[in-house]
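Protein chains get the first letters and strands the later ones, always in sequence-line order, with residue 1 at the start of each.
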Protein chains: 2
Amino acid sequence: MSVKPTTIKEIAKLLDISVSTVSRALNDHPSIGLTTKMRVRKIAKELNYEPNQRAIQFLQGKSHTIGVILPELSESFFSAAISGIEEIAYKRNYTVLLAQSHDDADLEKVLLEKMKTQRVDGLLISVAKTTINFDHFEALNRLQIPIVFFDRIPAIKNIHSVASNLETGTYEAVSFLLKKGHRTIGMINGPTNMTSSAERKNGYIKAMTSHRLKYDPSLMIHTALTEEDTIQAMNTFIHHKRKPTAVVTFNDYVALFAMRYARSQNLKINKDIEFVSYANLPIIEYMENTPIASVEQFPFKQGQKAADILLDLINSPKPDNSTEQAWYKVVVESELVTGKNK
Amino acid sequence: MSVKPTTIKEIAKLLDISVSTVSRALNDHPSIGLTTKMRVRKIAKELNYEPNQRAIQFLQGKSHTIGVILPELSESFFSAAISGIEEIAYKRNYTVLLAQSHDDADLEKVLLEKMKTQRVDGLLISVAKTTINFDHFEALNRLQIPIVFFDRIPAIKNIHSVASNLETGTYEAVSFLLKKGHRTIGMINGPTNMTSSAERKNGYIKAMTSHRLKYDPSLMIHTALTEEDTIQAMNTFIHHKRKPTAVVTFNDYVALFAMRYARSQNLKINKDIEFVSYANLPIIEYMENTPIASVEQFPFKQGQKAADILLDLINSPKPDNSTEQAWYKVVVESELVTGKNK
DNA sequence: AATAATTACACAACCGTTTGCACAAAAATC
DNA sequence: GATTTTTGTGCAAACGGTTGTGTAATTATT
């Protein structure tokens, strides 16, 4: 029926010793006698004593909490990432304060404020699509709260970042198709202003040229990733003088649109035309037609890595002396996965 | 270049007044003169002063934080739910401590401990599938930390809970099919030991009988929700003397399996046989064949509701006097959605 | 046996903020 | 002008734990 948690004071009073002795006994401090330690621990156990983390956090000026701001947990990339982040955080005895920006720059700013007043020890963030101003991150910098940017990385310098490079995976994907005998490979890529589009493009080109094939720009179509654009792109391919026998799509949604349209045009998937995509949808394996291979970005691993770096930053000796600080810029290589995903 | 956040003390020293005056000035206490208030606020703004929440939390013995333990964020039901929870929590100025149990009872217990030592003001939990022992929740009860169980509710009494009742939605779903002219409707249900299976069953039976149709138990098949079981169930239906023209499936995965098998048996989906399912997969709308209707459980709304109740519990006057406590048992009715999901 | 070293504990300050109480100065009352 | 009321501010305690320093009692050293 006890209503308030046991405190160190109560234990001290019960045993008629000082609080400092109790504290040290519980922390196995060498200057406390064995008998005293035993007595203290016995009572502590009996009373279900647990140190008040809030008090400790306050005293030490450390919250032992990291803030995580992600755009959307319903995107499987991010829900996988948060699992990786959580795992590392809990393993290293940190707590995770989560918030979703829902890709809203204003909300993101509010959340950032919240994290600041909550005195998180560090922040992990994947910025909202709409974020164009990065001034509000400065406030955290001033307070020496480290930030690790993750997956969606702003185009500013002197930041820590973890992101995947899709070039490698794309290279593998295209090489894989070439090895299967394809010679005419189309790509439905994303908007040109996205760095990830460029990575895909580079991977594609490198694969082609390193196999002594000429890069044909007309087989690389940039779209806004809508169904309409995808259909248009597919249509271009189908009526192309060099009709592709394989297509690499920007993501699984695009793959779905493309495959659906291909079927509607009486193309046999995996026979007349094969698809390779990038792993976004966990459900893809249940589908009617699935890409024959997928470029995996390992969001879980990325989350782990980012969390690890952030915690390292938090616990590293302060670089107060204004010597040049080192900026983490970790690239997690993507990888082609064939057959079963994972 | 300031390294540590501004404190109230610094402001006091700067203005040569006491900290209590500063505190009261910032909190708009009536006993502070207007001029003083202005002076304090001006400096506070200049120095970017923000109250140290950790200190306040400690002082007040309130963390203003709620713990949330969910099985899996990659399940869209839960990622939608957490969004609802977050929204309410932030609106009411609470912070969310998130953890996933990954459906592991042992991990769940550890996380619960963590929440306890973190002194969360309340807990929202959807229990892991494997959880069979509920003793560890007792510890939170003893500390007067309210718990609201959510969606997956343990079969114990005297708890607060929010969950959906699938009976209504199922009733609507079956009625919908009846109205479309179907008379032989199969159901691929889940394991008999799940309450949600029973809800579905009841909804089905009620719909049939209230339309003066006899309930045929041979059209209600309980499965373990695997692909294998689903195929078997579909096979039974196909060779049934009363071959169903419509099937209600336990969830979208089952619907996928069932539709795929139906196609393989040369049945035309939406012509020879129609499907109705329960909304789990956001991606369902991209699929080759989709159920013609879906029972929606409103996870976002459920999350909101659960969070609201929890915060009400936290902020309600303590029911210390051992009068009978009221237990929330909120049921969010499910609803049939046709056409576009949402 | 006197001194030095060790052991085992207590005292008190501290972290940042809130808040009950005391109290001086100014204003209002008679 | 003396007394009461109001207004504005300061003092100090409290929240729960950690930690540097002081010190008595015990043990070891000579």
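Atom CD1 of residue B:I147 and atom CD of residue B:E138 lie 8.0 Å apart, to the nearest 0.5 angstrom. Separation of atoms OG1 (B:T95) and CD (B:E86) is listed at 10.0 Å; rounding is to 0.5 Å. In this structure, CG in A:L47 is found 4.5 Å from OG1 in A:T6, a value given to the nearest 0.5 Å. Here the straight-line distance linking atom CD1 of A:I145 with atom CE of A:M115 works out to 11.0 Å at 0.5 Å rounding.
Take A:R152 and apply the side-chain hydrogen bond (donor to acceptor under 3.5 Å, both in side chains) test, not counting sequence neighbours, and it matches A:D103. With sequence neighbours excluded, the residues forming a ring-ring contact (aromatic ring centres under 6.0 Å, His included) with A:F58 are B:F58, listed by chain and number. For A:S18, the side-chain hydrogen bond (donor to acceptor under 3.5 Å, both in side chains) partners at least two apart in sequence or on another chain are A:S20, A:T21.
Protein chain B touches strand DNA chain D; the 5'-most and 3'-most nucleotides with an atom under 4.0 angstrom of its non-hydrogen atoms are D:dG8 to D:dG16.
Classified by interplanar angle (parallel below 30°, tilted 30° to 60°, perpendicular above 60°), the ring pair B:F149/B:F137 is perpendicular.
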(Q) For nucleotides 12-19 of chain C, give me one character per nucleotide, 5' to 3': B if any protein heavy atom sits under 4.0 Å from the base, S if the only such contacts are to the sugar-phosphate, - if neither. (A) B-BBBBBB

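Defined by atom type and a distance below 3.5 Å, a donor-acceptor pair is missing between the side-chain atoms of A:Q57 and A:H64. B:S63 and B:Q118 share no side-chain donor-acceptor pair at under 3.5 Å.
Residue-level contact check: B:G33 touches the backbone only, with heavy atoms under 4.0 Å from sugar-phosphate atoms and none from bases.
Between A:I32 atom CD1 and C:dC11 atom C1' the separation is 13 Å, expressed in whole Å.
Within residues 37-46 of chain B, no residue approaches DNA chain C, by heavy-atom distance under 4.0 Å.
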